[in-house]
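Encoded as structure tokens, the structure appears first; notes follow it.
Ligands are counted one by one from 1 in listed order, and the atoms in each one are counted from 1 as well.
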Amino acid sequence: MKKSTRVNHPPPVALAADNHPVVPPIYQSVKFEFDTLEETERYLRGERPGFFYSRTSNPTTRQLELLLAELQGREECLVTASGVGAVAQTLLALTQQGDHVLCFVETYNPTRYLVRRLLSRFGVTHTMLSVEDLAGIERALAAHPTRLVWFESPTNPVTKIADIAAITRLAKSAGALVAMDNTFAGLHQHGEYDVDVFVHSLTKYASGAGDVLGGAVIGRGELIRSLRTDFGVLGGTLDPHAAWLIARGLRTYFVRYQAQSASAQRVAEYLASHPAVARVHYPGLASHPQHALARAQMREFGCVVSFDLKGGREASSRFADALRLFAMAASLGSAESLIVTAQMMGGRDLTADQQVASGITEGTIRLSIGLEDVDDLLEDIAQALNA
Ligand SMILES: Cc1ncc(COP(=O)(O)O)c(C=O)c1O
């Protein structure tokens, strides 16, 4: 074999059956082959398991899918190249012309964009309400046969708590599928509710390191398997290296989620006691209007703390500029603390009434509390509030 051939056919290294890597390896290969054409054909006819092309399936991404399904308490999962990829592919795969979707003003901006601008081009209509408006949800479901109800809890950024039992009950009795973007609550919460499809951005808590994008769609076996072909041809597949990084992040997921929630609680309590702060939004505070519902639905309340400064836009700009330990950057749930101000939040597609319902004011600030020492974070917040 010439060396130019050899570099493309390197020496095989096989592990004995009783010799295992402790950390799962990455299958960083787009292609997989079988020993014979006959087995290849059997695979292509769906008569045997295996892997062939990583856009459709890869052992590393498959291992992550199985793990995520188990964490969320469901049978099946598909992973995608980003959280928005998971949202978009789910919306496209679950709806068709003539369908109606119920969604909410508190929903993540790009999800609203997808429903309003993209699905509408394919003849899918929608109603947009506040997630707190249970009577409105009941009326909308009675007025339109509805394919899909799509919601989040806690909502971004003001941490409203959706009444999951009530929403799923209303949706199910109207024959609608329920999809919940569970990114804020994380993979270990809400699994006991009658949600058909959980969607996650793995970019956030799952990876934890802020260095990789990913998304997941999780639900019962037959429903998720029915999406697999559409997802494969839509093409927003997670790369095996990204899947491996996310699986690595998941090893510390539970300790991170708990530690970040505990620090977020301290930050929320501190902010609630500060005279410059008009209002704090954190489900773990007894003063949160839905604290009892949050306690009934959640074990931990997450790392996102939002608040309104009395000084409005001007004060929030000065506060953001004065912080030293918080990066002024999008995203949440990772090891480093972050800040987003109202100017960075979007929401320009909302009407004035919807804007009010969203709970975001000119002085709203969202913090994502990371893994730094909480006393350092509190000191930084204190000096920035003084500024
Ligand atoms: C609730 C929610 N869903 C989905 C996404 C999108 O995730 P990604 O950034 O991984 O595309 C985000 C990102 O901020 C989010 O907050």
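On a distance-only criterion, T203 and ligand 1 share at least one N/O pair closer than 3.5 Å. Here's the thing with G83: one of its N/O atoms is less than 3.5 angstrom from an N/O atom of ligand 1. Looking at V84 next to ligand 1, an N or O pair under 3.5 Å apart turns up. Taking any N or O of S201, backbone or side chain, at least one lies under 3.5 Å from an N or O belonging to ligand 1.
Heavy-atom contacts of F184 reach the following atoms of ligand 1: 16 (O) (cutoff under 4.0 Å). Heavy-atom contacts of S82 reach the following atoms of ligand 1: 10 (O), 11 (O) (cutoff under 4.0 Å). Of all atoms in ligand 1, listed by their number and element, those nearer than 4.0 Å to a heavy atom of G214 are 10 (O).
The list of salt bridge (charged side-chain N to carboxylate O under 4.0 Å, His left out) pairs with a residue in residues 369-387, not counting sequence neighbours, reads R266-D375.
By the 6.0 Å contact criterion, OH on Y113 is open, its count of non-hydrogen atoms from other residues, nucleotides or ligands being 12 or less. Atom OH of Y253 is surrounded by more than 12 heavy atoms from other residues, nucleotides or ligands within 6.0 Å.
Only the side chain of T183 comes within 4.0 Å of ligand 1, judged by heavy-atom distances.
Scanning all protein heavy atoms for the shortest distance to atom 5 (C) of ligand 1 gives Y108 CE2, 3.3 Å.
Between Y193 and H190, the angle of the ring planes goes over 60°, which puts this pair in the perpendicular group of the 30/60° scheme. Ring-plane geometry between F254 and H188 is classed as perpendicular, the angle between the planes exceeding 60 degrees on a 0 to 90 degree scale with a lower cut at 30.
Taking the ring centroids of H288 and F301, they lie at or beyond the 6.0 Å cut-off. Between F32 and Y43, the distance separating the two ring centers is not shorter than 6.0 angstrom.
Distances shorter than 4.0 angstrom occur between a heavy atom of D181 and an atom of ligand 1. At least one heavy atom of K204 sits closer than 4.0 Å to an atom of ligand 1.
The existence of a salt bridge linking R318 and E314 is confirmed by a sub-4.0 Å separation between a basic side-chain nitrogen and an acidic carboxylate oxygen.
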